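Structure first, then comments.
None of these values were measured; they are calculated from a predicted model.
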Amino acid sequence: MATVPQPAPVRGDIEWFVHDRFGMFIHWGTYALAARHEWVKNREAIPDEAYQTYFDYFDPDLYDPREWARMAREAGMKYFVITTKHHEGFCLFDSEHTDYKATNTPCKRDLIKPMADAFRAEGLKVGFYYSLIDWHHPHYPIDRIHPMYKRMTPDEVREANKTRDVSIYREYLHNQVRELLTNYGDVAYLFFDFSYPDPDGHGIAGKGREDWASEELVAMMRELQPEILINDRLNLPLDQPDVHTPEQFQPRGWVEKGGRPVFWETCQTFSGSWGYHRDEATWKSPEQLIQMLVNTVSTGGNLLMNVGPTARGTFDYRAKDALKAYGDWLEINGRSVYGCTMSEFEPPDGCRFTQNGNGLYLHVYNWPFRHLHIDGLAGKVAYAQFLHDASEVRFKEHEGAPHSALEEAVEGNVLTLDIPVIKPPVTVPVVELFLK
Ligand code: GLC
């Protein structure tokens with residue numbers, strides 16, 4: 001038996017977050033038209049004038065946020081996080097502080113307001129992603145990840161930065177965060193992205209907490225929305241963020257920072273891009289998708305799974321299939337996810353445990369023949385069943401005394417489940433063990 005880690009208390013309201021476990025990330029912006037990654041402006045070092053085309057043609061005529069919200073709810077997601085502004089600088093919301101926003105494109109609308117309303121109406125919590133990085137703002141100093149950097153010598157960068165004043169950008173950032181936390185109702189979560197304080201090889205600075213004035217920003221946010229959760233990308237000391245956000249990475253155990261367990265959420269993509277990418281083909285299988293969710297909850301974290309809508313305002317058919325894989329599975333297995341966390345028990349090989357009080361959930365990744373032996377559980381289980389159909393799973397307990405051929409094969413404090421030869425028709429079958 002292991003002790004389940006207990007992170008130190010945080011400022012924001014973490015209760016709903018650790019209960020809900022599963023959210024939808026949405027990356028949407030004018031890069032959806034390029035359809036070749038949300039970093040396209042950087043990757044191809046596209047100048048503002050050329051990138052403007054995507055703004056001029058941004059017209060998501062099929063956008064129906066109620067449809068998105070319904071799909072998210074049906075996929076079993078309990079909250080969502082939308083890119084109100086990504087690194088390209090384009091704002092999906094009607095900000096007073098810029099013209100570079102959806103209301104000035106052919107779509108002529110604030111896209112965030114109806115989205116927040118629609119997701120709330122489906123019972124999901126609202127989260128905003130806001131890019132600290134801004135490749136459009138004229139006062140954002142050029143640095144190693146700025147699209148123009150690749151087209152300039154270090155001296156040219158230094159020269160160009162003389163007319164860029166980061167304090168003007170900082171004010172813009174604070175003003176926009178204030179708008180987002182004032183004009184759109186309850187915001188449960190703010191996901192900032194991201195800091196990179198180290199200088200490059202030429203001594204050209206990156207950006208971090210001083211550039212953003214992170215402390216002041218956080219103080220303002222806690223005042224505007226006291227319950228809000230704030231993530232870990234503001235370059236603040238490790239004990240400041242409410243939620244830590246390892247990205248595109250599956251931790252093996254409970255995530256720790258500075259040697260202490262933290263509240264955490266991993267964000268992941270269905271394929272290899274956050275923004276809509278027409279030609280990217282590494283779409284994960286239903287089995288991988290479900291296992292990612294289970295792996296995450298079994299190590300005490302949340303999963304924020306990303307959809308990159310098209311420039312028409314729709315979810316791609318591949319994203320819909322992936323969402324359906326989650327929805328179908330969670331509809332019958334949700335009990336092993338919501339309200340669950342890491343278990344105090346060690347799972348057998350090829351399996352994962354999640355636990356919620358006396359409910360212990362065994363997720364079987366590799367289907368063995370007839371018997372599943374679990375160490376340390378003899379005498380502790382009152383009843384066992386498959387979660388998908390509540391059919392009894394019979395078991396035997398061994399105190400180490402060999403009574404039969406089966407018992408001779410195992411030792412100690414073992415509980416052996418008697419499982420069918422054929423794996424049930426469920427992507428990842430779950431055995432629900434009712435602890436005494
Ligand atoms: C990275 C990328 C970005 C994406 C984010 C999601 O920081 O820069 O494109 O939005 O990860 O966490």
Is there a side-chain contact between Asp61 and Arg312, using heavy atoms and a 4.5 Å cut-off? yes
Please step through salt bridge (charged side-chain N to carboxylate O under 4.0 Å, His left out) for the pair Glu44 and Arg36, ending with a clear verdict. CA-CA 10 Å; Glu44 300 176 17; Arg36 49 186 196 277; 2.7 Å; yes
Do [X] and [Y] have side-chain atoms, one donor and one acceptor, less than 3.5 Å apart?
{"X": "Glu280", "Y": "Thr282", "result": "yes"}
{"X": "Glu88", "Y": "Thr30", "result": "yes"}
{"X": "Tyr184", "Y": "Asp110", "result": "yes"}
{"X": "Asp232", "Y": "Thr245", "result": "yes"}

Parallel, tilted or perpendicular: which one describes the rings of Tyr196 and Trp212, with boundaries at 30° and 60°?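 Tilted, since the angle between the ring planes falls between 30° and 60°.
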Classify the angle between the aromatic ring planes of Tyr100 and Phe55 as parallel (below 30°), tilted (30 to 60°) or perpendicular (above 60°).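 Geometry flag for Phe55 against Tyr100: parallel rings.
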Compute the centroid of each ring, for Tyr276 and then for Trp28, and state whether the two points are separated by less than 6.0 Å. no
Before we go on, tell me: are the rings of His174 and Tyr172 under 6.0 Å apart, centre to centre? no
Has the side chain of Tyr130 got a donor or acceptor atom that lies under 3.5 Å from a matching backbone atom of Lys85?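 No; zero donor-acceptor contacts below 3.5 Å.
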Is it true that the NZ or CZ of Lys41 lies under 6.0 Å from the centre of Tyr51's six-membered ring and within 45 degrees of the ring axis?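 Yes.
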